[in-house]
Protein chains: 2
Amino acid sequence: MRTTKYTRDNMVELLRQHGINPTHQRIEIAHALFSHPGHLCADQVMGITNAKHSETSKATVYNTLNLFLDKKMIREVIVDPSKVFYDPNTYPHHHFYNTATGELTDIDVEDIGLTGLPQLPPGLVTEGVDIIVRVRPSA
Amino acid sequence: MRTTKYTRDNMVELLRQHGINPTHQRIEIAHALFSHPGHLCADQVMGITNAKHSETSKATVYNTLNLFLDKKMIREVIVDPSKVFYDPNTYPHHHFYNTATGELTDIDVEDIGLTGLPQLPPGLVTEGVDIIVRVRPSA
DNA sequence: GTAAAGAATTAGACACGGTCCAATCCTTTG
DNA sequence: CAAAGGATTGGACCGTGTCTAATTCTTTAC
Ligand SMILES: [Mn+2]
Ligand SMILES: [Mn+2]
Ligand SMILES: [Zn+2]
Ligand SMILES: [Zn+2]
């Protein structure tokens with residue numbers, strides 16, 4: 001569990017740790033992602049970032065999210081055919097996905113045991129394993 | 001393992017079994033899905049269906065795929081943020097996803113052991129569990 | 001401090017998967 | 001055959017995401 005305060009200063013630090021030049025917009029976007037409980041889509045990031053003063057364009061939001069992904073400062077979660085979710089938690093973990101509300105919830109990887117994955121064909125390596133438990137309201 | 005021959009007649013049968021009125025277009029689309037080794041996207045379905053004589057519109061392709069999903073004659077696989085894959089294999093199974101080529105490969109569910117999923121919050125039921133192993137060429 | 005170079009941001013056009021709609025066509029039934 | 005309901009259709013439309021050329025901001029060089 002992370003217990004850091006998500007101040008602008010800490011965001012600058014975090015960006016530098018990932019080799020990213022901290023600009024106004026990048027700091028704001030990082031802050032939006034890390035200070036909100038996980039799993040925002042680009043749209044929401046833009047909304048939060050521009051809530052007070054509109055200062056970050058759509059192009060920059062996407063540029064920046066893709067830069068963060070590239071530098072592995074965040075990861076993406078693909079569960080909805082119509083949009084990507086961005087996840088500030090890069091520690092290995094899995095997800096519940098509420099298909100009714102669109103809500104994503106983390107599942108700690110410690111709890112999970114996964115066995116019996118077949119051997120990979122030669123010439124391939126595993127990039128990651130995603131487990132998605134699709135859930136919905138019971139009645 | 002299914003060993004059926006995917007004749008038009010068998011497609012008609014299959015459609016009826018799922019309570020779907022078998023029309024020309026639906027038979028062709030079902031045939032495209034079931035006679036090709038799994039995991040086509042809408043685009044490919046349309047290409048195959050219209051390969052000889054163009055006779056099925058984009059609207060009908062999407063209508064029909066969504067109808068098949070509704071009736072659980074096929075399932076969808078969401079791994080690529082830009083398009084949905086349609087899977088004629090509705091028997092529970094998981095997937096390798098080659099992020100370089102976009103190729104999807106089935107993993108038999110028999111082989112897999114998965115333990116330690118946390119209790120669901122009350123009022124929720126599990127719809128399904130998807131395990132996606134993302135792989136890429138090794139060097 | 002100023003000028004030039006490089007990095008980042010921007011508006012808006014664009015691409016593309018997917019949905020919607022009103023018009024047409026097909027099939028069934030009486 | 002006529003009427004009704006079901007299915008299909010072209011094309012407009014929508015939302016996410018990318019691209020581009022112009023602008024602005026930051027860094028470096030003098
Ligand atoms: Mn992307
Ligand atoms: Mn869909
Ligand atoms: Zn997460
Ligand atoms: Zn499959």
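In what follows, chains are A, B, ... by sequence order, proteins preceding strands, each numbered from 1.
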A.B. asks: Round to a whole Å and report the spacing from CG of A/Asp80 to P of D/dG15.
C.D. replies: 14 Å
A.B. asks: Between B/Asn63 and B/Ser82, which is nearer to the 5' end of DNA chain C once each is assigned its nearest nucleotide?
C.D. replies: B/Ser82
A.B. asks: For B/Asp87 and B/His39, test the side chains for any donor-to-acceptor distance below 3.5 angstrom and give the result as yes or no.
C.D. replies: yes
A.B. asks: Any side-chain N or O of A/Thr23 under 4.0 Å from OP1/OP2 of C/dT9?
C.D. replies: yes
A.B. asks: Identify which nucleotide among D/dG10, C/dA7, D/dT16 has an atom closest to any side-chain atom of A/Lys83, counting heavy atoms from C-beta outward.
C.D. replies: D/dT16
A.B. asks: Between the side chains of B/Thr99 and A/Glu127, does any donor sit under 3.5 Å from an acceptor?
C.D. replies: yes
A.B. asks: Could you state the CG-C1' distance from B/Leu65 to D/dA7, rounded to the nearest angstrom?
C.D. replies: 15 Å
A.B. asks: Looking only at the side chains, is there a donor atom on one of A/Asp130 and A/His94 sitting less than 3.5 Å from an acceptor on the other?
C.D. replies: no
A.B. asks: A/Leu15 CG to C/dA8 C1': how many Å, rounded?
C.D. replies: 14 Å
A.B. asks: Which nucleotide sits closest to the side chain of A/Tyr62: D/dT16, D/dT8, D/dG11?
C.D. replies: D/dT16
A.B. asks: Let's test your reading of the model: under 3.5 Å, does the base of D/dG17 pair with the side chain of A/Lys58 as donor and acceptor?
C.D. replies: yes
A.B. asks: Could you give the CD-to-C1' distance, from A/Glu76 to D/dG17, as a whole number of Å?
C.D. replies: 12 Å
A.B. asks: Rounded off to whole Å, could you give me the CG-to-C1' distance for the B/Asn21 and C/dT27 pair?
C.D. replies: 9 Å
A.B. asks: Nearest-Å distance, CG (A/Leu69) to P (D/dG17)?
C.D. replies: 11 Å
A.B. asks: Are A/Ile132 and B/Leu117 connected in the hydrophobic side-chain network, where two residues link if heavy atoms are under 4.5 Å apart?
C.D. replies: no
A.B. asks: State whether A/Asn66 places a side-chain N or O below 4.0 Å from either non-bridging phosphate oxygen (OP1 or OP2) of D/dT18.
C.D. replies: yes
A.B. asks: Nearest to the side chain of A/Thr56, heavy atoms from C-beta on, is which of D/dT16, C/dT9, C/dT10?
C.D. replies: C/dT10
A.B. asks: Check whether any side-chain nitrogen or oxygen of A/Thr60 sits under 4.0 Å from OP1 or OP2 of C/dT9, and answer yes or no.
C.D. replies: no
A.B. asks: Hydrophobic clusters here meaning ILVMFWY residues chained together by side-chain heavy-atom distances under 4.5 Å, can you tell me if A/Tyr97 and A/Ile131 are in one?
C.D. replies: no
A.B. asks: I need the OH-C1' distance between A/Tyr86 and D/dG17, as an integer number of Å.
C.D. replies: 8 Å
A.B. asks: Between atom CD1 in B/Ile29 and atom C1' in D/dT9, what is the gap in whole Å?
C.D. replies: 13 Å
A.B. asks: Given D/dT8, D/dG17, C/dG18, identify the nucleotide with an atom nearest to the side chain of B/Thr64.
C.D. replies: D/dT8
A.B. asks: Which nucleotide sits closest to the side chain of A/Ala59: C/dA8, D/dC19, D/dG6?
C.D. replies: D/dC19
A.B. asks: Just compare D/dG17, C/dG18, C/dA11 and give me whichever is closest to any side-chain atom of B/Val84.
C.D. replies: C/dG18
A.B. asks: Side-chain N or O of A/Gln25 versus OP1/OP2 of C/dT10: is the shortest distance under 4.0 Å?
C.D. replies: yes
